[in-house]
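Residue indices begin at 1 and follow the sequence shown.
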Amino acid sequence: MNRAFSRKRDKSWMHTPETLSKHFIAYNAKFLGHTEVEQPKGTEIVRDAVRKLKFSRHIKKSEGQKTPKVELQISIYGVKILDSKTKEVMHNCQLHRISFCADDKTDKRIFTFICKDSESNKHLCYVFDSEKCAEEITLTIGQAFDLAYRKFLESGGKDVETRKQLAGLQKRIQELETENTELKCKVQDLENRLLITDASYSPTDSSTPQSPSTDLFDMIPFSSISPESPTRNGTPPPLTPIRSSETKKDLFGAEPFDPFCCAAGDFPPDIQSRLDEMQRQRWRGSKWD
């Protein structure tokens, strides 16, 4: 089951060095998953990991879960595992962290590699299923190792440090992009809340014009102040009775008594003197009583 790095150098590789150095080789496969292993390499170590992940995949398949399809991008910098539909990077295994790679001779669809996780420093075994390209993928990873090693010798080890720094920067960029997305979601949520608050807010100081109040008979109360003819000093003019030019008479032909417009000069002298006498007598009687 050990195959990856036993390729003899006198045999030609499958891909041109420029393709793996400046670009990458892409393969499609099914991702059975990854599991932690105790050792960074070894045939038995890989075989146990394959059995474990196959059993786990059978259980998930019985529950109706399908095996996820992924795209592998292989270059001298590492192996990227992307979601085949969204192209989102699921795992980025740097080449200098991969310690073992092999295809299974008992099951030609299965190939694996062991990579040391950059955060936990644990050795993880990744297992894939490819019906036709399992051996070819293993050889491509081997060729990437060979080209990376030659480049390391030519640069005197400086290229490895550069790749480490670049990988750290890429990781930081991904973290910042994630934080930026979360902040955008929070800002959008706050804007939605403000819109809801503004829509439900009604000003308390707004007043609508009200019609004048009326009495029991739906009549506007009488006011002696006439807004249309104010005096010079701002006080309203005195209320003066208005007499119609055509005075109506009662049933007996007499004019109705108007107490507002009747004064002392409105009665004849004899009648006025009798009224004054009656008023004096009434005053005396009320006094003696």
Side-chain angles (χ1 to χ4, degrees), residues 1-7 14 24-75 77-145 167 170-171 174-175 177-179 181-182 185:
M1 191 172 175
N2 188 0
R3 178 154 184 113
F5 312 124
S6 62
R7 186 82 172 185
M14 300 179 61
F24 58 84
I25 305 297
Y27 294 97
N28 293 320
K30 294 181 179 180
F31 186 34
L32 300 184
H34 61 83
T35 183
E36 183 181 355
V37 293
E38 297 179 357
Q39 301 294 330
K41 58 183 177 180
T43 303
E44 292 298 326
I45 297 295
V46 171
R47 185 179 288 113
D48 292 340
V50 170
R51 282 198 297 262
K52 180 180 179 180
L53 290 175
K54 276 186 175 181
F55 179 74
S56 176
R57 180 52 53 186
H58 282 307
I59 294 177
K60 292 181 180 180
K61 189 175 181 180
S62 64
E63 296 175 352
Q65 298 184 18
K66 295 182 179 181
T67 304
K69 296 180 180 181
V70 296
E71 178 182 317
L72 300 175
Q73 294 182 356
I74 304 172
S75 67
Y77 302 105
V79 179
K80 287 185 179 180
I81 305 172
L82 292 78
D83 185 275
S84 59
K85 292 183 179 180
T86 63
K87 302 302 179 182
E88 181 181 358
V89 178
M90 302 168 58
H91 303 280
N92 186 9
C93 303
Q94 300 174 15
L95 201 65
H96 68 276
R97 291 184 174 274
I98 297 177
S99 57
F100 189 82
C101 181
D103 58 274
D104 192 349
K105 292 306 175 183
T106 60
D107 189 351
K108 295 184 178 181
R109 301 179 307 173
I110 301 298
F111 70 95
T112 66
F113 63 82
I114 298 176
C115 180
K116 188 176 182 180
D117 186 67
S118 59
E119 296 181 357
S120 63
N121 286 329
K122 295 180 180 179
H123 295 285
L124 302 178
C125 182
Y126 294 80
V127 181
F128 303 88
D129 184 342
S130 178
E131 295 182 0
K132 300 179 180 180
C133 302
E135 182 179 3
E136 182 179 341
I137 294 173
T138 304
L139 294 175
T140 302
I141 295 177
Q143 182 180 0
F145 264 99
Q170 289 176 348
K171 181 180 178 181
Q174 291 178 357
E175 293 176 354
E177 288 178 351
T178 303
E179 293 178 2
T181 304
E182 294 176 356
C185 294

K.L.:
Which class fits the ring pair His34 and Tyr126: parallel under 30°, tilted 30 to 60°, perpendicular over 60°?
P.N.:
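Tilted: the ring planes of His34 and Tyr126 meet at 30° to 60°.
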K.L.:
Return yes if some donor-acceptor pair links the side-chain N/O of Thr67 with the main-chain N/O of Lys30 below 3.5 Å, else return no.
P.N.:
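Not a single qualifying donor-acceptor pair exists.
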K.L.:
State the CG-CZ distance between Asn92 and Arg97, to the nearest 0.5 angstrom.
P.N.:
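Here the rounded value is 11.0 Å.
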K.L.:
If the threshold is 4.0 Å, N to carboxylate O, is there a salt bridge linking Glu63 and Lys60?
P.N.:
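No, this pair does not count.
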K.L.:
Rounded to the nearest 0.5 Å, what separation is found between the OG1 atom of Thr112 and the CD1 atom of Ile45?
P.N.:
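Going from the OG1 atom of Thr112 to the CD1 atom of Ile45 covers 11.5 Å.
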K.L.:
Please determine whether the number of non-hydrogen atoms from other residues, nucleotides or ligands lying under 6.0 Å from atom CZ of Arg57 exceeds 12.
P.N.:
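Buried by this count: over 12 neighbours within 6.0 Å.
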K.L.:
Quick one: which of Phe128, Phe111, Phe113 gives a side-chain contact (heavy atoms from CB on, under 4.5 Å) with Ile137?
P.N.:
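It is Phe111; the other options fail the test.
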K.L.:
First locate atom NZ of Lys116, then atom NZ of Lys122, and finally report the distance between them rounded to the nearest 0.5 Å.
P.N.:
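Answer rounded to 0.5 Å: 13.0 Å.
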K.L.:
More than 12 heavy atoms of other residues, nucleotides or ligands under 6.0 Å from CD of Glu179: yes or no?
P.N.:
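Enclosed: over 12 neighbouring heavy atoms sit under 6.0 Å from CD of Glu179.
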K.L.:
Run the salt-bridge test on Lys54 and Asp107 with the 4.0 Å N-O cut-off and return the result as yes or no.
P.N.:
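Looking at Asp107 together with Lys54, the answer is yes, because their closest N to O distance falls below 4.0 Å.
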K.L.:
Would you say CD of Glu131 has more than 12 non-hydrogen atoms from neighbouring residues, nucleotides or ligands within 6.0 angstrom?
P.N.:
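Count not over threshold, so no.
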K.L.:
Just verifying a value: how many Å separate Ile110 CD1 and Asp129 CG, rounded to the nearest 0.5 Å?
P.N.:
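Those atoms lie 4.0 Å apart.
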K.L.:
Run Lys105 and Glu135 through side chain to side chain contact (heavy atoms under 4.5 Å, CB included) and show every step you take.
P.N.:
CA-CA 9 Å; Lys105 292 306 175 183; Glu135 182 179 3; 4.2 Å; yes
K.L.:
May I ask you to check whether over 12 heavy atoms, not counting those of Lys87, lie within 6.0 Å of atom NZ?
P.N.:
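For Lys87, atom NZ is crowded (more than 12 foreign heavy atoms under 6.0 Å).
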K.L.:
State the CZ-CG distance between Phe24 and Leu72, to the nearest 0.5 angstrom.
P.N.:
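Those atoms lie 11.5 Å apart.
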K.L.:
Under the criterion side chain to side chain contact (heavy atoms under 4.5 Å, CB included), I'd like the reasoning laid out for Tyr27 against Ser130: C-alpha separation, chi angles, the key distance, then a yes or no.
P.N.:
CA-CA 9 Å; Tyr27 294 97; Ser130 178; over 6 Å; no
K.L.:
Please assess Val37 against Phe100 for the test side chain to side chain contact (heavy atoms under 4.5 Å, CB included), listing each intermediate value before the final yes or no.
P.N.:
CA-CA 12 Å; Val37 293; Phe100 189 82; over 6 Å; no
K.L.:
Between CD of Gln39 and CD of Glu44, what distance do you get to the nearest 0.5 Å?
P.N.:
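Atom-to-atom, Gln39:CD and Glu44:CD are 12.5 Å apart.
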K.L.:
Kindly say whether Lys52 contributes a backbone atom to a donor-acceptor pair with the side chain of Ser56 at under 3.5 angstrom?
P.N.:
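Such a contact is absent between Ser56 side chain and Lys52 backbone.
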